[in-house]
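What follows is one structure encoded as structure tokens, with my remarks underneath.
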Amino acid sequence: MNIKFFKTSCIAFLFGIFIYACSGDSNSNSNNTSPTTAAQDRQNITNTFNEFYSCLNTLDDGQLSNFILYSLFNSGNEQYNETWLKNLTNQFELQYGVLVLNNRMEFASNKGVYTWDNVSQEWTKVASANVIQLKFPSKSDVATLDSELTLNSYADTPTSFNNVDYWLPTNVTGSLKRNGTTVFSINLSNITYNTGTNFSMPLSANITIFTSPFTHTIQWQRITNTDFRLSYSSSTPEGCSANSFELNVKLYDADYANIVSVKDDVKRINGSFTQGNLRVEYMVNVEGLSFYTDPTPAQVTANSTAEVYYNNQKIGDLSYDELDNQTEIFITYSDGTRENVDEYTSDFETTVRTIFANYLN
């Protein structure tokens, strides 16, 4: 596994630097004077990483994780194995028809309550309903119907991409239970698209996803014809509640049908990321960076900013630089001292592998 990838992922995840491109002034009203020393700031950043790892442990110990491990990793060699759940899906489609036909979800024609028969290895429709509900054993050797997958509602609208018609959802609610406990649920609402062109740009979406014990809230908004905002937050009853990010995208124009790439169509991006008491406000000028085929660290730094705050007090700035012919990210503290962010991320891969050992070993 690529160590550089994990370092970058950690920085993007904990420091919120999504280097697509963006420009503008910070919206922060925070006091720019840090009341803490650089040593205290370093300790606060370390504490934030530890809080992040603790939240990953909470996710790993959650009911959804237990379901996945039980159903997909509980084979003789404890390796990923989707055979059982795939067999259930294939048998359903063999008996009742495909779930997606001509790029459209076949919700109305499949409504009903279905149970799995371990003896015949077939599904039985036991009742009519306004939902699609599947009751099945979570493993092939489980005698009881301990799992229940329900699609409560579904609505869609015709869209297109490269002159191919697709029916994309506008409203979806569903859940997955094991032994009567909800381990996963989804609620998609207010999803709209700009239709009538060869690319149906999403204009709005409200999404709530429960991955026990985490609740994730995602919102996509068109602010103006050329301004879009993506926001995300997550929380748990166990206390992992101060996690969020916001991404604001400014396009050159509203010609959504001819969007090609970030470089060609995005003018600037800015936003913030919060993990616990740590927040990063970032800005990158896509338009400025688009002039460079392979921008140098100095050019990236000149066209981007990333300010680090702790408890709403600015503690430093992030920047790109080269070290031993490698591009690295550095943090400069309020007292002028500087260090490689690698000081906080060097053990990221090892720590994550330890937390998710049941999946990765």
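- With hydrogens and angles ignored, the 3.5 Å screen pairs a side-chain donor or acceptor of S204 with a backbone N or O of N190.
- In this structure, a donor-acceptor pair under 3.5 Å is present between the side chains of D264 and S261.
- Residues I259 and V266 have side chains not in contact (no heavy-atom distance under 4.5 Å, counting atoms from C-beta outward).
- At least one donor-acceptor pair closer than 3.5 Å links the side chain of T354 to the backbone N or O of T350.
- Remark: the S138 side chain and the D146 side chain contain an N/O donor-acceptor pair separated by less than 3.5 Å.
- In the model, Y344 has no side-chain atom that pairs as donor or acceptor with a side-chain atom of T48 under 3.5 Å.
- In summary, the side chains of N248 and R268 do not present any donor paired with an acceptor at a separation below 3.5 Å, with no hydrogens or angles considered.
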Margin query: Set out, in order, the CA-CA distance, both residues' side-chain angles and the distance that settles side chain to side chain contact (heavy atoms under 4.5 Å, CB included) for L85 and E82, then state yes or no.
Written below: CA-CA 6 Å; L85 296 184; E82 65 178 2; 5.6 Å; no

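- Under the 4.0 Å criterion applied to side-chain N and carboxylate O atoms, E343 and R42 are not assigned as salt-bridge partners.
- Of the possible polar contacts, one joining the N110 side chain to the E106 backbone as a donor-acceptor pair under 3.5 Å is found.
- Remark: the S153 side chain and the T173 side chain contain an N/O donor-acceptor pair separated by less than 3.5 Å.
- Judged by distance alone, the side chain of D117 and the main-chain N or O of E122 form no donor-acceptor pair under 3.5 Å.
- No side-chain donor-acceptor contact under 3.5 Å links K267 to the backbone of D253.
- Under a 3.5 Å cut-off, the side chain of Q91 and the backbone N or O of W123 do not form any donor-acceptor pair.
- A donor atom on one side chain and an acceptor atom on the other are not found under 3.5 Å apart for E281 and S272.
- In this structure a side-chain-to-backbone donor-acceptor pair under 3.5 Å is present from T37 to Q40.
- Side-chain N/O atoms of T215 and S235 include no donor and acceptor closer than 3.5 Å.
- Between the side chains of W116 and N118, at least one donor-acceptor pair of N or O atoms lies under 3.5 Å.
- Checking each of W220, F245, F214 against Y232 for a ring pair (Phe, Tyr, Trp, His ring centres under 6.0 Å) leaves exactly one that passes, namely F245.
- For the pair Y292 (side chain) and V300 (backbone), a donor-acceptor distance under 3.5 Å is absent.
- Checked by atom type, the side-chain pair T337/D335 shows a donor-acceptor distance below 3.5 Å.
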Checklist line | Criterion side chain to side chain contact (heavy atoms under 4.5 Å, CB included) on Y256 and N225, from CA distance to verdict | finding: CA-CA 10 Å; Y256 310 139; N225 284 341; 4.2 Å; yes

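- Not less than 6.0 angstrom separates the ring centroid of F67 from the ring centroid of F184.
- Between the side chains of Q299 and Y320, no donor-acceptor pair of N or O atoms lies under 3.5 Å.
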Margin query: Using side-chain hydrogen bond (donor to acceptor under 3.5 Å, both in side chains), reason through S175 and T150 one step at a time and then give a plain yes or no.
Written below: CA-CA 5 Å; S175 64; T150 304; 4.5 Å; no

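- Looking only at distances, no side-chain donor or acceptor of E328 sits under 3.5 Å from a matching main-chain atom of D342.
- Between N47 and E51, the side chains place no donor N or O within less than 3.5 Å of an acceptor N or O (distance only, hydrogens not considered).
- A donor-acceptor pair is defined here as one N or O able to donate and one able to accept, closer than 3.5 Å; such a pair exists between the side chain of S290 and the backbone of E287.
- Rounded to the nearest 0.5 angstrom, L203 CG and F228 CZ are separated by 6.0 Å.
- Using a 3.5 Å distance cut-off with no hydrogens or angles, the side chains of D317 and T332 do not pair a donor with an acceptor.
- S128 and K111 form no side-chain donor-acceptor contact under 3.5 Å, judged by distance and modelled atom types alone.
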